[in-house]
Asks: 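Sharing a structure, written as structure tokens. Questions coming.
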There are 2 protein chains.
Amino acid sequence: MKKQQQLYKGSLSAIIMKLLEQNGRMYGYEITQKVKEITVGEMNLTEGALYPALHKMEADGFLDVEMEKVDGRIRKYYKLTESGIKETDNKMEELENFVRNMQSIVNLKLT
Amino acid sequence: MKKQQQLYKGSLSAIIMKLLEQNGRMYGYEITQKVKEITVGEMNLTEGALYPALHKMEADGFLDVEMEKVDGRIRKYYKLTESGIKETDNKMEELENFVRNMQSIVNLKLT
DNA sequence: TGCCATACCTAAGATTAATAAGTATGAAAA
DNA sequence: TTTTCATACTTATTAATCTTAGGTATGGCA
């Protein structure tokens, strides 16, 4: 049993937005699975964090939603709005600056 | 006026510990100045976050304190304990894993 | 039948940083 | 000389964001 990577608080929205940017549209559960897949199980987005985050981003006008019934189950597909695309760029710049600054301070070893 | 970099929550203790590891011992105010200097003003540790964090790390046994009076002012010098050194390694490994995973997900552009 | 994966949801709690306010010294500027 | 600024510490309140822990429901498989 591998140790779960804890999320640094503030990074979740960047993850969501970037995945939506890359994939066009996704539904919540799909996002959790994608993150698990990409990080080989090291990161696990909890649903208790994910869904409220999606709702907030929608309320903020960064995401649009489409409901679809697939195999008897409801899926809510999210995609970035125009404003969401801009916000994605902002978030990414912030994240990159953060990592750069952390690099300077703590001398990260990234293989 | 440059935009201040917000801290991703969870990163503060890693910053403090790594600076103490590099510099042997430091006092609170010195840590804030060091971070400002290294990041060219982009990061600004708020004192309301820093001091409580130092107190908690001391309470957790990761830091030792020495009080000194310099120029009529009290300074509290902190240094890592044995347990603090181990914790520093853990924190750094976590941080590196986090950045690696973020790399895989969002494709960070680091100059 | 019961369990598991899928797919959504929310309430309560914990953690952690920001904001804002305070105390105090000493040096430099007005 | 009075005020302002940098130094140096402190704490309480607020805000943001995640975890934990529950809940509902469908459909496939053992």
Side-chain angles (χ1 to χ4, degrees), chain A residues 3-17 25-37 41 43-60 62-63 65-78 87 91 94-95 98 101-102, chain B residues 3-17 25-37 41-60 62-63 65-78 91 94-95 98 101-102:
Chain A
K3 194 168 54 178
Q4 285 291 318
Q5 169 75 59
Q6 65 159 39
L7 271 191
Y8 281 68
K9 295 189 186 180
S11 58
L12 179 57
S13 60
I15 295 177
I16 294 172
M17 287 181 165
R25 66 170 208 167
M26 300 180 82
Y27 54 100
Y29 187 76
E30 187 185 8
I31 295 177
T32 66
Q33 298 310 300
K34 195 73 178 174
V35 167
K36 219 179 271 180
E37 177 199 322
M43 265 194 192
N44 188 31
L45 298 197
T46 62
E47 299 187 324
L50 178 72
Y51 291 113
L54 287 171
H55 300 161
K56 177 161 196 314
M57 292 160 86
E58 188 195 348
D60 288 343
F62 299 138
L63 301 185
V65 195
E66 285 164 20
M67 309 261 282
E68 267 178 49
K69 195 159 192 174
V70 181
D71 294 328
R73 287 189 207 85
I74 293 286
R75 282 186 190 166
K76 292 177 74 176
Y77 279 97
Y78 291 92
E87 184 67 6
K91 284 275 176 198
E94 259 183 38
L95 180 58
F98 170 74
N101 283 324
M102 289 303 284
Chain B
K3 193 170 53 177
Q4 286 290 318
Q5 168 76 59
Q6 64 158 35
L7 274 190
Y8 282 68
K9 297 191 184 180
S11 59
L12 179 58
S13 60
I15 295 177
I16 294 172
M17 286 180 166
R25 65 170 209 169
M26 300 179 83
Y27 54 101
Y29 187 75
E30 187 184 10
I31 295 177
T32 67
Q33 299 309 300
K34 195 74 180 174
V35 167
K36 220 178 273 180
E37 178 198 322
E42 281 185 45
M43 266 192 190
N44 188 31
L45 298 196
T46 61
E47 298 186 323
L50 177 72
Y51 289 112
L54 286 171
H55 300 160
K56 175 159 198 316
M57 292 161 84
E58 188 196 347
D60 288 343
F62 299 139
L63 302 184
V65 194
E66 285 164 19
M67 310 262 282
E68 267 178 48
K69 196 160 192 174
V70 181
D71 295 328
R73 286 190 209 84
I74 292 286
R75 280 187 192 168
K76 291 177 77 174
Y77 280 96
Y78 291 90
K91 285 273 176 199
E94 259 183 38
L95 181 59
F98 170 73
N101 282 327
M102 288 303 283

Asks: Mind checking B/T32 for me? I need base, sugar-phosphate or nothing, with any heavy atom below 4.0 Å counting as a touch.
Replies: nothing
Asks: Looking only at heavy atoms, which two atoms of A/L50 and A/G28 are closest? And how far apart?
Replies: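 Closest approach of A/L50 to A/G28: CD2-O, 3.2 Å.
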Asks: When all nucleic acid strands are considered with a 4.0 Å heavy-atom cut-off, which category describes B/G48: base, sugar-phosphate, or nothing?
Replies: base
Asks: So does A/E47 reach the base of C/dC8 with its side chain, donor to acceptor, closer than 3.5 Å?
Replies: yes
Asks: Considering heavy-atom distances to DNA chain C, does A/E30 or B/Q6 have its closest nucleotide positioned more toward the 5' end?
Replies: A/E30
Asks: Taking atom P of D/dT17 as reference, at what distance in whole Å does atom CG of A/D60 sit?
Replies: 10 Å
Asks: What class does the angle between the rings of A/F98 and B/Y8 fall in, given that below 30° is parallel, 30 to 60° is tilted and above 60° is perpendicular?
Replies: tilted
Asks: With a 4.0 Å cutoff (strictly under), does any side-chain N or O of B/H55 reach OP1 or OP2 of D/dC9?
Replies: no
Asks: Whole angstroms only, please: what is the CG-C1' distance between A/L50 and C/dT10?
Replies: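 Checked: the CG to C1' distance equals 13 Å.
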Asks: Check the phosphate of C/dA7 against A/Y27, side-chain N and O only, distance under 4.0 Å to OP1 or OP2. Yes or no?
Replies: yes
Asks: What distance separates B/E30 CD from B/K76 NZ, expressed to the nearest 0.5 Å?
Replies: 15.5 Å
Asks: Name the closest nucleotide to the B/Q33 side chain, picking from D/dC18, D/dT7, C/dA7.
Replies: D/dT7
Asks: Could you check how far CG of B/D71 sits from C1' of D/dT7, rounded to whole Å?
Replies: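 For the pair B/D71 CG and D/dT7 C1', the rounded distance is 10 Å.
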Asks: Taking for each residue the nucleotide of DNA chain C bearing the nearest heavy atom, is the 5' side occupied by A/A49 or by A/I74?
Replies: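 Checking each residue's closest nucleotide, the 5'-ward one belongs to A/I74.
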Asks: From the set D/dA8, D/dT10, C/dA18, return the single nucleotide nearest to any side-chain atom of B/K76.
Replies: D/dT10
Asks: Mind calculating the distance between CG (B/N44) and P (D/dA6) to the nearest angstrom?
Replies: 13 Å
Asks: Here's a test of your reading of the structure: between A/G72 and A/L45, which maps to the more 5' nucleotide of DNA chain D?
Replies: A/L45
Asks: Does D/dC9 have its OP1 or OP2 closer than 4.0 Å to a side-chain nitrogen or oxygen of B/Y51?
Replies: yes
Asks: Which distance, rounded to the nearest 0.5 Å, do you find between the CG of B/L12 and the CE of B/M57?
Replies: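 With rounding to 0.5 Å, CG (B/L12) is 7.5 Å from CE (B/M57).
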Asks: Can you measure B/E94 atom CD to C/dT16 atom P for me and round it to whole angstrom units?
Replies: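 Atom CD in B/E94 sits about 10 Å away from atom P in C/dT16.
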Asks: So, does A/K9 get its side chain near the phosphate of C/dA14, meaning an N or O under 4.0 Å from OP1 or OP2?
Replies: no
Asks: Between C/dT19 atom P and B/Q4 atom CD, what is the distance in whole Å?
Replies: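 These atoms are roughly 9 Å apart.
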Asks: On DNA chain D, nearest-nucleotide positions of B/Y29 versus B/Y78: which is more 5'?
Replies: B/Y29
Asks: Let me know the distance between CD of A/Q5 and P of D/dT19, rounded to the nearest Å.
Replies: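 After rounding, the reported distance stands at 11 Å.
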Asks: With rounding to the nearest 0.5 Å, note down the distance linking CD in A/Q6 to CG in B/L95.
Replies: 9.5 Å
Asks: Does D/dT19 have OP1 or OP2 under 4.0 Å away from a side-chain N or O of A/T46?
Replies: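 Yes, because at least one side-chain N or O of A/T46 sits under 4.0 Å from OP1 or OP2 of D/dT19.
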Asks: Any chance you could measure B/K56, atom NZ, to B/L63, atom CG, to the nearest 0.5 Å?
Replies: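 So the NZ of B/K56 and the CG of B/L63 are separated by 11.0 Å.
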Asks: Tell me what A/R73 touches on the nucleic acid: a base, only sugar-phosphate, or nothing, going by heavy atoms under 4.0 Å.
Replies: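 Base contact - A/R73 has a heavy atom under 4.0 Å of at least one base atom.
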Asks: Can you check the B/L54 CG to D/dT11 P distance for me, whole Å?
Replies: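 These atoms are roughly 12 Å apart.
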